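Keep in mind that this is a model prediction, so the values were computed, not measured.
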Amino acid sequence: LVARSILRMLVREHEVVVETSAAAALARIRAGEDFDVILCDVMMPQLSGPDFHAELTRTHPGLARRLVFITGGAFTPGAVRYLEATGNRVLEKPFEPEALQALVRELL
């Protein structure tokens, strides 16, 4: 539901690709796809947002710097420390469409 909402918020101004699996997103990146901005939930099944970011940092550091973490605020102290250490932007749910649109424009 969140992914579809984000798609609707951004698709008028941007080309948007949605993946609901971190593994599928990594596969696309490993296959050579590049993205201007990545929006990544902190809490995901199988591979967390911080784990996804750590893998990007290792393999595609430039892309890792363009990742924005999205969170509902319910995450572990370790995740909080990780987010603070990265310096990446964090968007708190719920957010207004205008806030997301402005953040993406700013990062582009």
Item to check | Stepwise side-chain contact (heavy atoms from CB on, under 4.5 Å) check, Leu100 with Leu39 | outcome: CA-CA 10 Å; Leu100 175 62; Leu39 304 172; 3.9 Å; yes
Checklist entry - When you look at Val37 and His14, which way does the side-chain contact (heavy atoms from CB on, under 4.5 Å) test go after all the steps? => result CA-CA 11 Å; Val37 176; His14 308 282; over 6 Å; no
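- Under the rule for a side chain to side chain donor-acceptor pair (under 3.5 Å), Asp36 has no partner lying at least two apart in sequence or in another chain.
- Note on Leu47: it clusters hydrophobically with Leu67, by side-chain heavy-atom contacts below 4.5 Å among ILVMFWY residues.
- Considering only residues two or more places apart in sequence or on other chains, Arg89 meets the salt bridge (Lys or Arg N to Asp or Glu O under 4.0 Å) condition with Glu106.
- Closest of all the heavy-atom pairs between Val42 and Pro50 is O-CD, 3.6 Å.
- Every residue two or more places apart in sequence or in another chain that forms a side-chain contact (heavy atoms from CB on, under 4.5 Å) with Glu92 is listed here: Thr71, Val90.
- Partners of Val18 under the side-chain contact (heavy atoms from CB on, under 4.5 Å) rule, at least two apart in sequence or in another chain, are Ala3, Leu7, Val16, Thr20.
- How far CG of Asp51 is from CG of Leu56: 11.5 Å, rounded to the nearest 0.5 Å.
- The backbone N or O of Leu107 sits nowhere less than 3.5 Å from a side-chain atom of Arg66 that would complete a donor-acceptor pair.
- Judged as a ring pair (Phe, Tyr, Trp, His ring centres under 6.0 Å), and not counting sequence neighbours, Phe52 has no contacts.
- Around atom CD of Glu15, no more than 12 heavy atoms belonging to other residues, nucleotides or ligands sit under 6.0 Å away.
- Shown here are the side chain to side chain donor-acceptor pair (under 3.5 Å) partners of Glu13, two or more places apart in sequence or in another chain: Arg105.
- Nearest heavy atom pair, residue Gly49 against residue Cys40, reads CA-SG, 3.7 Å.
- Rounded to the nearest 0.5 angstrom, Ile6 CD1 and Ile70 CD1 are separated by 3.5 Å.
- The pair Arg58-Glu55 meets the salt-bridge criterion, since a charged nitrogen lies less than 4.0 angstrom from a carboxylate oxygen.
- Residues Met9 and Gln101 share a closest heavy-atom pair of O-NE2, 2.7 Å.
- By the rule that hydrophobic residues join a cluster once side-chain heavy atoms approach within less than 4.5 Å of another member, Val17 and Leu10 end up as members of separate clusters.
- Using cut-offs of 30° and 60° on the angle between ring planes, the pair His53 and Tyr82 is perpendicular.
- Heavy atoms only, all atoms of each residue included: Met44 and Ala22 are closest at CE-CB, 3.8 Å.
- The shortest heavy-atom contact between Phe35 and Leu63 is O-CD1, 3.2 Å.
- Note: Asp41 CG to Phe69 CZ = 10.5 Å, rounded to the nearest 0.5 Å.
- Interatomic distance, Ile38 CD1 to Glu19 CD, rounded to the nearest 0.5 Å: 11.0 Å.
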